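Here's the structure we're looking at; comments come further down.
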There are 2 protein chains.
Amino acid sequence: MSAEGLDEALRARGMRATPQRRLVLEAVIALGHGTPEKVCERVQNVAPAVNLTTVYRTLELLEDLGVVSHTHLGHGAPTYHPSDEADHIHLVCRRCGSVSEADLALAEALARSVAGRHGFATDLAHLSLHGVCRSCAGAGEVSGAAVRSTSHER
Amino acid sequence: MSAEGLDEALRARGMRATPQRRLVLEAVIALGHGTPEKVCERVQNVAPAVNLTTVYRTLELLEDLGVVSHTHLGHGAPTYHPSDEADHIHLVCRRCGSVSEADLALAEALARSVAGRHGFATDLAHLSLHGVCRSCAGAGEVSGAAVRSTSHER
DNA sequence: GTGCCTGCAAACCGTTTGCAAAGGG
DNA sequence: CCCTTTGCAAACGGTTTGCAGGCAC
């Protein structure tokens with residue numbers, strides 16, 4: 001959804017269309033994905049008075065509206081992104097912290113079997129896989145000590 | 001690994017075998033899975049002086065040793081469990097917060113394809129699926145308002 | 001004895017809350 | 001005008017850090 005469409009969606013629910021809400025949505029779209037803090041920084045480039053609290057409240061609201069969604073990519077702050085870009089799963093490297101993307105289709109068979117066996121409706125947009133990325137797997141073989149010192153997720 | 005084996009593993013690395021470390025491992029094993037806070041509570045039943053800080057440091061150490069591992073089951077504190085019980089994936093319900101388990105084998109095809117395409121070694125023990133469980137899916141249809149009011153993960 | 005480990009207190013990060021003031025309808 | 005929404009400040013939960021003392025080796 002665009003920032004323009006947002007105003008209507010809000011009014012349709014008896015909520016108020018405010019500059020802050022438009023700005024937060026625009027920031028999420030512009031970033032593609034980002035933590036609440038990152039979103040706030042970007043909003044503050046345009047409107048310095050906007051508060052982090054408002055960003056949190058607005059992200060929650062936008063998620064209710066189905067306009068954005070979030071994933072927990074590990075230990076820290078969650079990542080928000082426009083719902084219509086939630087077309088991939090995340091591969092989070094435990095060693096270097098890098099996040100890459102993989103085709104959602106890879107996980108569809110898993111979602112189907114979990115639905116069949118457990119009646120559980122998996123939200124694939126929230127799916128993240130933890131493990132070790134290609135470059136870290138290679139580097140990891142070089143030195144045991146080096147691996148140990150960087151093997152913590154937090 | 002048992003609490004007895006731990007002492008040897010520690011000494012083999014020039015580390016010290018302490019009662020606290022044995023107790024934390026025993027607590028994780030006894031609980032099957034639990035947050036640092038839960039682990040600490042259980043340790044304190046036996047040794048009230050043990051500090052939460054020590055539990056955090058020990059869980060990190062035990063994870064380094066490969067004796068325990070942890071998963072992020074969503075918004076809050078992570079869950080630790082013995083590595084040799086990491087034979088299932090977690091299904092976390094967004095509505096009621098319940099956590100159920102599913103067979104690891106369901107995700108093995110996913111792990112294989114991600115390894116093939118991206119060179120990414122998925123740690124299946126850390127895998128959790130977010131979505132809506134069977135009972136909440138049924139309850140959710142009853143009232144739109146009720147759904148909205150409980151649809152937040154945090 | 002040496003130095004790793006522990007307990008305590010305080011800082012820390014990300015997030016939420018209470019409240020008065022601002023501003024959208 | 002009313003009532004939602006905002007900004008601020010303070011509290012919050014979970015985790016980490018610095019440091020002095022204790023205990024395994």
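Just so it is clear, the model here is predicted, and its values are computed rather than measured. Residue numbering restarts at 1 for every chain, and letters A, B, ... go by the order of the sequence lines.
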> Under the side-chain contact (heavy atoms from CB on, under 4.5 Å) criterion, do B:His90 and B:Leu127 qualify, and how do the steps go?
Replying inline: CA-CA 7 Å; B:His90 294 100; B:Leu127 181 58; over 6 Å; no

To the nearest Å, give me how far apart [atom1] ([X]) and [atom2] ([N]) are.
X	N	atom1	atom2	value
A:Leu59	D:dT6	CG	P	12 Å
B:Glu41	D:dG13	CD	P	14 Å
B:Glu37	D:dT16	CD	P	13 Å
A:Arg13	C:dG25	CZ	C1'	18 Å
B:Tyr80	D:dG14	OH	C1'	11 Å
A:His75	C:dG14	NE2	P	9 Å
B:Glu63	D:dT15	CD	P	12 Å
A:Asp7	C:dG25	CG	P	8 Å

> What distance do A:Arg117 atom CZ and A:Arg112 atom CZ have between them, rounded to the nearest 0.5 Å?
Replying inline: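 Taking CZ in A:Arg117 and CZ in A:Arg112, the distance rounds to 13.5 Å.
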
>> Rounded to the nearest 0.5 Å, what separates atom NE2 in B:His88 from atom OG in B:Ser100?
In response: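 Going from NE2 on B:His88 over to OG on B:Ser100, the span is 10.0 Å.
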
> If only atom types and distance count, is the side chain of B:Arg21 paired as donor or acceptor with the main-chain N or O of B:Arg16 below 3.5 Å?
Replying inline: yes

> Is there a donor-acceptor pair under 3.5 Å between the side chain of B:Ser128 and the backbone N or O of B:His72?
Replying inline: yes

Transitively linked via ILVMFWY side-chain contacts under 4.5 Å: [X] with [Y]?
X	Y	answer
A:Val24	A:Val68	yes
B:Tyr56	B:Leu65	yes
A:Phe120	B:Val132	no

Atom pairs, N/O to N/O, protein against nucleotides 5-7 of chain C, distance under 3.5 Å?
unit_1, atom_1, unit_2, atom_2, d
C:dC5, OP1, B:Arg16, N, 2.8
C:dC5, OP1, B:Arg21, NH1, 3.1
C:dC5, O5', B:Arg21, NH1, 3.4
C:dC5, O5', B:Arg21, NH2, 3.0
C:dT6, OP1, B:Thr18, OG1, 2.8
C:dT6, O3', B:Gln20, NE2, 2.9
C:dG7, OP1, B:Gln20, NE2, 3.3
C:dG7, OP2, B:Asn51, N, 3.3
C:dG7, OP2, B:Thr54, OG1, 2.6
C:dG7, N7, B:Arg57, NH2, 2.7
C:dG7, O6, B:Arg57, NH1, 3.3
C:dG7, O6, B:Arg57, NH2, 3.2

Pairs under 3.5 angstrom only: tabulate donor-acceptor contacts from the side chains of residues 29-48 of chain A to other protein residues two or more places apart or in another chain.
unit_1, atom_1, unit_2, atom_2, d
A:Thr35, OG1, A:Lys38, N, 3.2
A:Gln44, NE2, A:Val50, O, 2.7

>> Please report the end-to-end axis angle for the helix from C:dG1-D:dC25 to C:dG25-D:dC1, five pairs per end, rounded to 10 degrees.
In response: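 Rounded to the nearest 10 degrees, the bend comes out at 30°.
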
